Amino acid sequence: MKKNKTMIVVFLTPAVVMFSIIFLYPIFRTVAMSFFKIEGVTDAVSKWQFSGLANYIKLFNTELFRISMWNIFRIWLFGGILVMSLALLFAAILTSGIRFKNAFRAIIYMPNVVSAVALATMWLQYVFSPKFGLFKSIGELLHWEWLAKFQWLDPSHLFMALLIAYCFGMVGYHMLIFASGIERIGTDYYEAATLDGASRIQQFRYITLPLLKGVTKTNITMWSISSAGFFLWSQLFSMVVSNTQTITPVVYMYQNIFGAGNSMTERNAGIGAAVGVLLSVCVVLIFMVCDKVFKDDDIEF
Amino acid sequence: MAREKKVRERVNWRRELHLAPGYIILSLWVLFTFILLGWVIAASFSTSKEIFSGGVFRFESGFHLENYAKAWNTSNVSVFFTNSLIYASISCALLIVICAPAAYVLSRFTFVGNRLVQSGFVAAMGVPATMIVLPLFGLVAGWNILNVTLANRAVLIFLYVGINVPYTTIFLLTFFSNLSRSFEEAAAIDGCPPMKTFWKIMLPMAQPGIITVTIFNFINVWNEYFMSLIFANSDKVKSVAIGLYGMINSMRYTGDYAGMFAAVVIVFLPTFLLYLFLSEKIIAGVTGGGVKG
Amino acid sequence: MKKKLLSVLLCVAMTATVFGCGSSGDTASSSDGAASETPEAETPDAGTEAPAESSGDALVYWSMWDAAEPQAQALSQSIEAFTQETGIAVDVQFKGRTGIREGLQPALDAGTNIDLFDEDIDRVNTTWGSYLLDLEELAKANDYESTANAGLMAACREVGGGTLKSIPYQPNVFAYFYNMDIFEKAGVSAVPTTWDEFLDTCQKIKDAGFTPITNDNAYISSLFGYHMSRLIGEPATEEVVKNGDWDNEAVLKTAQAYEELASKGYFSATIESNQWPAGQNTELAMGEAAMYLNGSWLPNEVKEIAGEDFKWGCFSYPAVEGGVDGTEASNYGAQVFAINAKSTKSEQAFQLITYLTKGDADKLLSDMSVGIPADSNNAEWPALLSNVKPVMDSLTTRYPWAAGAEANADMTPIIIENFTKLCGGSLDAQGFVDALKAAGN
């Protein structure tokens with residue numbers, strides 16, 4: 001036990017120290033800022049005006065912020081389901097002993113390596129284009145009228161377009177996490193199961209899935225974090241000014257800190273800080289819930 | 001070993017047939033990816049006019065290699081590359097040395113503050129980068145060290161490491177918690193001290209996770225934009241991401257979309273080659289280690 | 001049980017640290033603020049003139065352009081020439097729009113050594129107004145204004161709170177840009193100055209087989225803002241937008257005008273799906289659509305697609321019957337140079353600004369970036385913009401961006417969404433007003 005104590009201290013200290021140096025001061029400053037009215041994000045404390053909960057109250061009373069929260073929730077939930085199922089499916093196929101595994105894996109992950117600016121431009125100006133878009137051509141090729149005529153980018157469908165484009169890129173990332181989780185499961189399980197006459201699907205259901213709990217937790221945590229920070233794609237899908245279909249809390253925060261679009265609008269870094277605090281709380285809550293749902297204790301091998 | 005496997009697979013057609021649905025699904029997805037990325041590459045060889053009239057794949061006006069020449073010449077691409085390569089490799093190595101032990105003890109031992117540290121790390125990732133980076137800049141800029149190139153580089157690497165500590169640690173947690181305790185027990189019986197057990201036995205066993213997270217870290221640092229933008233004080237220390245965004249924005253403001261895609265491809269290629277190289281390593285790591293995939 | 005206890009303890013510990021450190025965070029940052037100010041105040045005092053020259057430390061200029069942009073290339077060339085002429089070294093950092101917008105204020109707050117910087121006229125004067133050096137005396141001493149654009153200098157004083165804090169260059173103007181060939185083919189001989197003429201023009205263009213109007217999500221709110229401002233003036237429009245006074249009859253009138261345009265089929269069929277730059281690139285520049293309300297940077301942005309023989313016309317947003325403002329009002333502005341109030345080299349900085357905004361340097365910038373020259377002696381504008389000059393010269397009233405339509409950041413996306421639907425015909429005028437009202441405020 002004593003030995004463990006020194007080990008805990010020695011092993012944990014560097015990470016905790018790094019964390020404290022980089023994050024603690026900014027986080028506490030952010031929490032404090034959320035109770036003040038502050039024009040510039042780096043303004044000296046003497047310029048802060050205490051406003052109590054006013055920032056939070058204003059946030060909850062602003063339609064646009066509520067829309068942004070709704071958007072992020074939709075991205076998290078629907079996008080999450082879509083990405084996780086595809087990622088798990090691909091990971092399962094990849095690790096089922098197929099050929100060209102490396103090539104498949106590399107290609108599926110590839111969109112992650114390409115700059116989001118290029119990908120977003122490609123989706124917006126090519127795939128979804130109502131004039132010469134890829135989806136339009138596919139629709140025409142297959143004589144699917146609805147697909148050929150579908151207006152992906154109008155105000156009623158832009159969110160769906162954004163979700164598809166974003167998820168397409170994210171599948172590879174989560175697939176890698178799933179795949180490395182599956183790869184770590186010992187082959188003896190499968191060999192034993194095969195001897196017992198279990199089919200591949202059964203093996204997946206009764207061996208792979210239960211043993212993937214931990215990795216699934218990681219995946220959900222990472223997905224939640226990247227959803228909370230959803231920013232770049234939103235900006236790329238609504239250049240210059242934000243859009244009701246694509247605005248997310250971080251974009252809203254950004255507008256309050258640096259001003260919106262080309263017009264000079266009121267700035268309040270305190271509101272930005274309040275958004276940051278709310279997002280952090282959401283992420284921690286999700287993390288806690290995940291912890292409860294995916295208890296690691298029952299995994300033993 | 002690999003060859004043996006191939007021979008076996010070639011003979012076993014029934015097995016391949018069994019996997020057919022898997023092949024079809026993956027092939028469709030890969031085909032789709034190829035069309036999309038192929039479009040980006042084709043666009044980088046065409047003209048803005050072709051891009052906006054849907055004629056990218058037709059190459060009616062031939063291949064426009066000059067897009068690449070222009071993108072390469074307008075900014076200091078080679079300097080940016082070297083910088084990013086240095087930042088990313090050093091940061092990734094440091095991150096594993098710092099985070100793997102921390103993740104190990106957090107996953108293995110119950111102690112006061114364990115949950116607090118974990119929640120703190122997760123909360124930190126939820127705070128938008130702007131709120132972290134700008135106050136930090138206020139602190140660091142006050143020390144007046146950013147004008148010295150070497151110090152500026154050191155600060156950047158320190159920040160890249162620090163900012164990815166929570167992510168890497170949380171990521172590696174599950175990889176350690178899923179490893180069987182029987183390895184440590186066996187090592188303890190053999191008289192191996194716990195710390196040595198970690199470095200010699202547990203760390204290699206978590207290799208798939210470590211390599212995966214290193215890939216992600218590498219790409220995170222390579223593509224990190226906001227912090228580099230604020231902290232990189234001169235052209236000498238700028239990273240690829242800033243250079244790329246500079247190029248992309250320039251091209252976009254002047255309507256040179258073909259040039260923009262060329263810039264993207266220039267920056268994408270080395271990362272991709274690196275990724276290919278690293279993913280080979282994963283396989284090597286998995287088959288070489290005690291666990292088999 | 002044990003876990004519950006632990007989590008309660010953790011909560012207590014958490015809150016304790018939050019409160020405890022909240023206050024320590026305050027003190028830390030206040031002392032930090034003080035710390036960053038003291039050395040800033042000291043360094044200039046300690047080494048006012050002597051080291052500046054002898055150590056040859058350069059003038060630091062943070063630029064809003066990206067290194068690969070033509071503006072940056074033109075400025076680099078001119079700065080090189082400036083250094084050769086005067087011996088003053090200049091350290092240019094091309095930060096780009098985002099770099100300046102997000103990085104300048106933190107850098108200034110932290111006391112970074114920056115002598116001059118540039119950005120949009122409104123942002124420099126309102127957002128960073130407190131960091132600027134008053135330039136009235138420097139301008140007078142150097143007789144700067146004899147060849148400057150009087151309207152823009154006046155605009156700088158107006159946004160600077162009555163005094164000159166910035167020097168304009170790269171002027172721009174917001175108006176309808178159109179394809180002269182299409183106008184010719186449609187038999188439109190004169191540009192429309194009233195709404196009725198505008199409708200007539202649209203009809204002729206439609207009859208000739210072209211799309212009269214297109215736009216993109218990035219600029220579409222301007223259509224709303226300009227029409228409202230023509231009706232009731234810009235200040236009133238801004239009030240409506242800021243206070244959510246959607247019952248104002250001008251809102252409905254504007255909506256009805258656009259409902260009419262939509263119902264007559266004057267908008268591009270894909271107007272609702274136009275995500276910038278789709279409209280300007282695939283419709284206007286390709287010669288499908290005739291008119292686009294945008295800034296004078298447009299011809300430069302689409303020149304690769306439109307080709308050299310594209311003939312650009314320009315007219316100010318038409319006057320509306322019974323309205324307050326006419327074609328003399330529009331958004332015009334410029335990028336501006338400003339000098340950091342803490343700069344120890346303000347004289348040299350102003351010298352550089354003068355050099356860059358006048359004569360050959362100004363001409364070079366205008367030529368390379370297809371922009372409007374700032375020096376009134378440079379009377380010859382780039383060919384693509386030759387028809388913009390009369391519009392620019394006719395303007396007397398200055399609107400802010402989007403004529404006030406984007407004055408309330410919390411409403412902008414909602415206005416854009418519903419106005420886009422209105423233009424696409426999927427919402428009628430009353431529906432538009434109702435949607436804005438429902439969004440509350």
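These figures come from a predicted structure and were not determined experimentally. Chain identifiers are assigned alphabetically (A, B, ...) following the order of the sequence lines, protein sequences preceding nucleic acid strands; residue numbering begins at 1 within each chain.
- Here the closest non-hydrogen pair linking A/Thr248 and A/Ser68 is C-CB, 3.6 Å.
- The part of C/Glu288 that comes within reach of chain A is its side chain, from C-beta onward, which places non-hydrogen atoms under 4.5 angstrom from that chain.
- With ring centers used as reference points, A/Phe50 lies 6.0 Å or more from A/Trp48.
- C/Thr214 and C/Asn274 share a side-chain donor-acceptor pair at under 3.5 Å.
- Only the side chain of A/Phe132 comes within less than 4.5 Å of a heavy atom in chain C; its backbone stays farther off.
- Looking at A/Arg66, there are no atoms closer than 4.5 Å to chain C (heavy atoms on both sides), in backbone or side chain.
- In terms of non-hydrogen atom pairs under 4.5 Å with chain C, the most contact-rich of A/Leu158, A/Leu124, A/Val41 is A/Leu158.
- Contact tally against chain C (heavy-atom pairs below 4.5 Å) for A/Ile257, A/Asn262, A/Asn243: the top residue is A/Asn262.
- Only the side chain of A/Gln125 has a heavy atom closer than 4.5 Å to any heavy atom of chain C.
- Counting heavy-atom pairs closer than 4.5 Å to chain A, the top-ranked of the candidates C/Glu406, C/Lys421, C/Gln275, C/Glu417 is C/Gln275.
- To the nearest 0.5 Å, atom CD1 of residue A/Ile38 and atom CE of residue A/Met33 are 4.0 Å apart.
- Taking OG of A/Ser227 as the reference point, atom CD1 of A/Ile75 lies at 7.0 Å (rounded to 0.5 Å).
- The contact between C/Ile416 and chain A is made entirely by side chain atoms (from C-beta outward), counting heavy-atom distances below 4.5 Å.
- For the ring-ring contact (aromatic ring centres under 6.0 Å, His included) with C/Phe174, the lone residue among C/Tyr292, C/Tyr226, C/Tyr399 that qualifies is C/Tyr226.
- Annotation for C/Ile415 and C/Trp246: closest pair CD1-CH2, 3.9 Å, computed over non-hydrogen atoms.
- Under 3.5 Å, the side chains of A/Glu39 and C/Thr127 contain no donor-acceptor pair of N or O atoms.
- Considering only heavy-atom pairs separated by less than 4.5 Å from chain C, the leading option among A/Ile67, A/Asp43, A/Thr246, A/Thr42 is A/Thr42.
- When heavy atoms are compared at a cutoff of 4.5 Å, C/Thr98 approaches chain A solely by way of its side chain, counted from C-beta outward.
- Side-chain N/O atoms of A/Ser263 and A/Thr265 include no donor and acceptor closer than 3.5 Å.
- For C/Ala218, the parts sitting under 4.5 Å from any heavy atom of chain A are the backbone and the side chain alike.
- Aromatic pair A/Phe135/A/Phe150: centroids not less than 6.0 angstrom apart.
- Options C/Asn281, C/Thr282, C/Asn331 differ in how many heavy-atom pairs under 4.5 Å they form with chain A, and the most are formed by C/Thr282.
- Taking C/Asn217, C/Ile271, C/Asn418 one by one and counting their heavy-atom pairs under 4.5 Å with chain A, the maximum is reached by C/Asn217.
- For A/Phe35, no part lies under 4.5 angstrom from a heavy atom of chain C.
- Residues A/Leu278 and A/Tyr56 form a side-chain contact, since some pair of their non-hydrogen atoms from C-beta on lies under 4.5 Å apart.
- Using a 4.5 Å cut-off between heavy atoms, C/Glu119 does not touch chain A at all.
- Neither the backbone nor the side chain of A/Phe128 comes within less than 4.5 Å of any heavy atom in chain C.
- Both the backbone and the side chain of C/Pro106 come within contact range of chain A, with heavy atoms under 4.5 Å apart.
- Neither the backbone nor the side chain of A/Ile27 comes within contact range of chain C, judged by heavy atoms closer than 4.5 Å.
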